[in-house]
Amino acid sequence: VNYTDVQTGNFTAASDTAINITIDANTTSLEAGLYDYSVTVVSDVGTTVYEKQLNIQTAVGPYLVTSITTYDSDVTQGDSGGSYVATVTNLGTSDATGVYLNWTLPSGFTLASGSLARNLDALGVSVSGTNTITIDVDSDATAADVIILANASSTNADAASDTKTI
């Protein structure tokens, strides 16, 4: 599969027949990280798109990936009760230890509930942890786009973060 190009293959199957599809990818020139890809299946009953990620690792050990999965992208001064969820997943080959998942909020945002720093302790391979907070926006907060940050740190893995502009 050429990562930078769309590859198409057509397969035909009789009703009630399964087709197994194997995707071989040459990852030689890819750096460590997550790479998005999708598989689209078109059938008589409709179209289904499977959004997936390919995890490329160049070293043995824990590998943390952080994402802000729930957030309100349209906040205004005086808003209250906004829910924000960050997730960290260990996609590595061994446990991540001493894992913290921390939030950094912009000026004018205050924590209403939850914790800006959550100790997740250890994350096994393919295990995730979350940090859910509720925030309020001050009525006199600057009316401009701001950035929220979720950062995961560990005693034995590189830090990983995600940001969202709201």
Side-chain angles (χ1 to χ4, degrees), residues 3-6 25 27 30-42 46-166:
Y3 182 74
T4 60
D5 197 8
V6 175
T27 61
L30 297 179
E31 294 182 18
L34 289 175
Y35 294 86
D36 296 328
Y37 71 94
S38 63
V39 175
T40 304
V41 178
V42 180
T47 300
T48 303
V49 178
Y50 298 94
E51 302 287 338
K52 301 292 181 181
Q53 290 184 316
L54 174 65
N55 176 17
I56 302 294
Q57 295 183 7
T58 57
V60 174
Y63 180 74
L64 301 179
V65 175
T66 302
S67 59
I68 298 172
T69 54
T70 301
Y71 68 101
D72 185 354
S73 62
D74 187 31
V75 297
T76 58
Q77 297 161 316
D79 281 355
S80 63
S83 180
Y84 293 78
V85 179
T87 301
V88 58
T89 304
N90 178 11
L91 297 177
T93 59
S94 63
D95 292 356
T97 58
V99 179
Y100 277 84
L101 184 52
N102 303 316
W103 284 99
T104 301
L105 300 177
S107 177
F109 283 59
T110 56
L111 181 68
S113 66
S115 175
L116 293 177
R118 180 163 183 221
N119 180 357
L120 298 170
D121 196 28
L123 291 179
V125 174
S126 298
V127 174
S128 297
T130 61
N131 187 355
T132 302
I133 60 172
T134 304
I135 59 115
D136 296 334
V137 181
D138 297 344
S139 59
D140 61 351
T142 303
D145 287 346
V146 294
I147 294 173
I148 58 170
L149 168 79
N151 183 67
S153 61
S154 169
T155 57
N156 67 338
D158 290 340
S161 62
D162 188 22
T163 61
K164 299 294 182 195
T165 301
I166 58 174

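Sorted by first and then second residue, the pairs that involve residues 150-164 and meet salt bridge (charged side-chain N to carboxylate O under 4.0 Å, His left out), not counting sequence neighbours, are Asp162-Lys164. Within the structure, no pair that satisfies the salt bridge (charged side-chain N to carboxylate O under 4.0 Å, His left out) test touches residues 117-146, not counting sequence neighbours. Residue pairs meeting the side chain to side chain donor-acceptor pair (under 3.5 Å) criterion with at least one member in residues 60-74, sequence neighbours excluded, do not occur.
Listed by chain and number, the residues in a side-chain contact (heavy atoms from CB on, under 4.5 Å) with Val42 are Thr40, Thr47 (sequence neighbours excluded). For Thr155, the side chain to side chain donor-acceptor pair (under 3.5 Å) partners are Thr97, not counting sequence neighbours. Residues forming a side-chain contact (heavy atoms from CB on, under 4.5 Å) with Thr76 (at least two apart in sequence, or on another chain): Asp79. Partners of Leu116 according to the side-chain contact (heavy atoms from CB on, under 4.5 Å) rule, which considers only residues two or more places apart in sequence or in another chain, are Trp103, Leu105, Leu111, Ile133. Partners of Ser113 under the side-chain contact (heavy atoms from CB on, under 4.5 Å) rule, at least two apart in sequence or in another chain, are Thr134. Not a single side chain to side chain donor-acceptor pair (under 3.5 Å) links Gln77 to another residue, sequence neighbours left out.
Side-chain atoms of Pro62 and Leu123, non-hydrogen and from C-beta on, never get closer than 4.5 Å to each other. Side-chain contact between Pro106 and Ile148: present, with at least one pair of heavy atoms (C-beta onward) separated by less than 4.5 Å.
The two residues Ser154 and Ala96 make their nearest non-hydrogen contact at OG-CB, 4.0 Å. Listed here is the closest heavy atom pair of Ile147 and Thr165: CG1-OG1, 3.9 Å. Summarising the geometry of Ser161 relative to Asn151, their closest heavy-atom pair is CB-OD1, 3.4 Å, with the distance given to 0.1 Å.
Under the 3.5 Å distance criterion, the side-chain polar atoms of Asn131 are left unmatched by any main-chain donor or acceptor of Asn102.
Separating the CG atom in Leu64 from the CG atom in Leu120 is a distance of 10.0 Å, to the nearest 0.5 Å.
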